[in-house]
Amino acid sequence: MPVYTLYIISLADTWHKLKGRFTTGVFITLPITVILVAVILNPLTKDMFYIDENFVYTRGSMFWVAYICALSYVGFGLFYIIKCRELFRTSHFISMLVIYPLTLSAVAIQCVLPMWIVELFFTSVAVVIVAITIQRPEELVDMVTELGKHGAYADAMKKNFVNQKEVGIILINITNYSSVASMLGYDLSAKLLKIVANKLAVINKDMKVYAGLYYLDRGGFRVVVNKNNWDKIDKMAEAINTELKNSVIISQLELNIMAHVCVAYCPTDIPDFKTLISFGTELSSSVPYSGNVLKASDIIANRAFKLNNEIDNIIDDALANRRFSVYYQPIFSVEKGRFISAEALLRLHDEKFGFIPPDVFITAAEKSGAIHRIGDYVLEEVCHFISGDEFKELGLDYIEINLSVAQCMQTDLADKVLQIMNKYGVTPDKINLEITETAASYAQNVMVNNLEKLTQAGISFSLDDYGTGYSNIKSVASLPISIVKLDKTFVDEENNPRMWIVLKNTIKMLKDMDMSIVVEGVENAELAKKFAELDCEFIQGYYYSKPVPKSDFITFMKNSAS
Ligand code: C2E
Ligand code: CA
Ligand code: CA
């Protein structure tokens, strides 16, 4: 029981908390001291046990003292496990408790039937249960790297936060792991990981840091350093960073590892478990690779990082308080010599962060699912605009609305779009939906069904950002699309003669397929003229107007008509 109590404290990883606590110290040491003293004095007193005249081991008159002492450990252990409940998974919690009823019932049995020596047996059974449920190396240790696994890291870190234990973590994310791994295949990637793991282990040993080493899948390693070794943490991070920059040779391939190495202190830099995990997974995407050791405190102080952390709340709040606004950017028809449509583009202005670019909030909303509410909001706003009297005076044929990938994958997208249009009495010819190649390349049944349903209802589609993906030719050919929007990257290549050839032929190919073409991102008269000469029907860009609020757009349209 005393040993088991020590085991519980270790499992809860709370030694640092008990240090210097007098009463707990007494609780843990006094009973065992009593037993030890009694056993040491036993040859003189024969109070605990003796060998009787028949050479049989017999318990002495004071043996109950050992039971009382053990009972005090039972009480303490039970109390401690229950107090630290949140540190353990349910299955571990239960198996940690099992020892008590088992041992107590064994003691009871042995009291009544002294011939049944079952105490040790029952205790062994309990220990085996603990061994197979809690102390499972295969659950805690990664077989390839022989470092701690993700689950072990998560358990340890959760405990640290609950126990307010300060640790320093060196986060190492191999940024180019997925591309390297797909080139190497399974066996060789395993070799690579093993090499990296060994490098970490060697540095850990040479510098005598005694850090916990973990491998978290997908090229993520973590080095967890206890507070008493924090003076070495920066040096260790530098050593790791330098070591990882050396190229690695695996079966005649010379590989260069690109790793983000970052030092974070918990809970000072990173206050809770959830933030730690997301900080780790987003490290490579939130900071560009510089080759230097990063500091979590710097990254967290950075605006982009803060924004990324808060964006979900900002979006919810903006939706609730209608702080999103829809801007419009006119699209010029070369043939008709006037603006025939406009693209609706969403804007978000936040009190704290100011203007937040749509790329940022749309990406976040796609991840959180808020994109569906945002999509509904844009559609409602646009339909409201189209159904108003002012719109009729502007002489616009239709408004283009962006659909994101996540929206296209929604089973009830078509019904929802039609329902909102019905609500405002908007006819389908007034709406054009822009989808991206990414959405098109997902071309799963849901998406195709949505497109077909909406096309049948009379709504037309544009393929947005054409030229930025690689599956574009197939999606253009197979989806019911009437307009293709040439991405600005095409336009930016105007001085590249070869690109101009690609562009000319792309336009010709699209024309042969009976597509209309919108050129995006045209910023000057010269370019507008060039594309008009290439037979592009529509031109959109800052040359005519930036995206502007509805009222400004109306003014713009009225002025352009006169
Ligand atoms: P997009 O659909 O490709 O939108 C065109 C982007 O190009 C807009 O950026 C527009 O402001 C910008 N642009 C237009 N003309 C020019 C030009 O001449 N020069 C330059 N440099 N840029 C020009 P914006 O508004 O920042 O939107 C970025 C992206 O965010 C959009 O790209 C679209 O994918 C997404 N987005 C915006 N609003 C919505 C929305 O309501 N729903 C969805 N799902 N996505 C949206
Ligand atoms: Ca667009
Ligand atoms: Ca575009």
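Start at 1 with the first residue, then count along the sequence. For ligands, and for the atoms within them, numbers begin at 1 and follow the listed sequence.
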Can you tell me which residue and heavy atom of the protein come closest to atom 26 (O) of ligand 1, and the distance to 0.1 Å?
-> Pro358 CG, 3.3 Å
Under 3.5 Å, is there a donor-acceptor pair between the Ser179 and Asn176 side chains?
-> no
Hey, what's the ring geometry for Phe221 with Tyr215, parallel, tilted or perpendicular (30° and 60° as the breaks)?
-> tilted
Residue portion contacting ligand 1 (non-hydrogen atoms closer than 4.0 Å) for Val522 = backbone
Which protein non-hydrogen atom lies closest to atom 15 (N) of ligand 1, naming both residue and atom, and how far is it?
-> Gln329 NE2, 2.9 Å
With a 4.0 Å cut-off, strictly under, does atom 34 (O) of ligand 1 pick up any protein heavy atom?
-> no
Residue, atom name and distance, where the atom is the protein heavy atom closest to atom 29 (C) of ligand 1 | Asp359 OD1, 3.4 Å
Mark the output for Lys546 as yes if a heavy-atom distance to ligand 1 is under 4.0 Å, and as no if none is.
-> no
Going by distance only, is there an N or O of Tyr543 that falls short of 3.5 Å from an N or O of ligand 1?
-> no
The reported gap from CD in Glu238 to CD1 in Ile170 (rounded to nearest 0.5 angstrom) is 10.0 Å
Ser462 and Asn432: side chain donor to acceptor below 3.5 Å | yes
Hey, are Tyr424 and Glu380 close enough side-chain-wise for a donor-acceptor pair under 3.5 Å?
-> yes
Kindly indicate whether the side chain of Pro547, heavy atoms from C-beta on, has any atom under 4.5 Å from the side chain of Arg347.
-> yes
Can you check whether a protein heavy atom sits less than 4.0 angstrom from atom 5 (C) of ligand 1?
-> yes
Return yes if some donor-acceptor pair links the side-chain N/O of Glu537 with the main-chain N/O of Ile517 below 3.5 Å, else return no.
-> yes
Which atoms from ligand 1 have a heavy atom of Gln407 less than 4.0 Å away?
-> 44 (N)
Criterion salt bridge (charged side-chain N to carboxylate O under 4.0 Å, His left out) on Glu282 and Lys367, from CA distance to verdict = CA-CA 13 Å; Glu282 278 154 30; Lys367 280 192 202 149; 5.2 Å; no
Rounded to the nearest 0.5 Å, how far apart are CG of Asp316 and CG of Asp312?
-> 7.0 Å
Who gets closest to atom 44 (N) of ligand 1 by heavy atom: Gly541, Ser404, Ala406?
-> Ser404
Under 4.0 Å from ligand 1, counting heavy atoms only, is it the side chain of Val378, its backbone, both or neither?
-> side chain
In the protein, which heavy atom is nearest to atom 1 (P) of ligand 1, and how far is it?
-> Asp464 OD2, 3.9 Å
If you scan protein heavy atoms around atom 18 (O) of ligand 1, the nearest is Tyr542 N, 2.7 Å
Sub-3.5 Å donor-acceptor pair from the side chain of Asn505 to the main-chain atoms of Ile501, do we have one?
-> yes
Please indicate, with yes or no, if any protein heavy atom is found under 4.0 Å from atom 9 (O) of ligand 1?
-> no
Just by modelled atom types, is the Leu527 backbone N or O under 3.5 Å from a matching donor or acceptor in the Asn524 side chain?
-> yes
For ligand 1, find out whether one of its N or O atoms is nearer than 3.5 Å to an N or O atom of Leu403.
-> no
Reported CD-to-CD1 distance for the pair Gln329 and Ile331, which is rounded to 0.5 angstrom = 7.5 Å
Could you tell me whether Asp465 approaches ligand 1 through its side chain, its backbone, both or neither, with non-hydrogen atoms closer than 4.0 Å?
-> side chain
Give a yes/no verdict on a cation-pi contact between Lys550 and Phe553, requiring under 6.0 Å between NZ or CZ and the six-membered ring centre and an angle within 45° of the axis.
-> no
Which residue owns the protein heavy atom closest to atom 38 (N) of ligand 1, what's the atom, and how far is it?
-> Leu346 N, 3.0 Å
Out of Glu523, Glu400, Glu366, whose heavy atom is nearest to atom 20 (C) of ligand 1?
-> Glu523
Other residues, nucleotides, ligands: >12 heavy atoms within 6.0 Å of Lys199 NZ | yes
Please check if a non-hydrogen protein atom sits closer than 4.0 Å to atom 42 (N) of ligand 1.
-> yes
Hey, does Gln540 come in under 3.5 Å of ligand 1, counting only N/O atoms on both sides?
-> no
Taking the side chain as C-beta and beyond, is there a heavy-atom pair between Phe279 and Asp269 under 4.5 Å?
-> no
Within 4.0 Å of some non-hydrogen atom of Glu520, the atoms of ligand 1 are 3 (O), 5 (C)
Would you kindly specify which portion of Lys485 sits under 4.0 Å from ligand 1, judged on non-hydrogen atoms: side chain, backbone, both or neither?
-> neither
Asp465 versus Thr468, side-chain donor and acceptor atoms under 3.5 Å | no
Quick one: do the Asn173 and Arg222 side chains pair a donor with an acceptor below 3.5 Å?
-> yes
Under 4.0 Å between heavy atoms, the region of Leu345 that gets near ligand 1 turns out to be both
What do you reckon, is CD of Glu335 surrounded by more than 12 foreign heavy atoms closer than 6.0 Å?
-> no
Is the closest heavy atom of Pro547 to ligand 1 under 4.0 Å?
-> yes
Closer than 3.0 Å to the Ca ion (ligand 2), which protein N, O or S atoms?
-> Glu343 OE2, Asn402 OD1, Glu434 OE1, Asp464 OD2
Note: ligand 1 atoms sitting under 4.0 Å from heavy atoms of Glu343 are 2 (O), 4 (O)
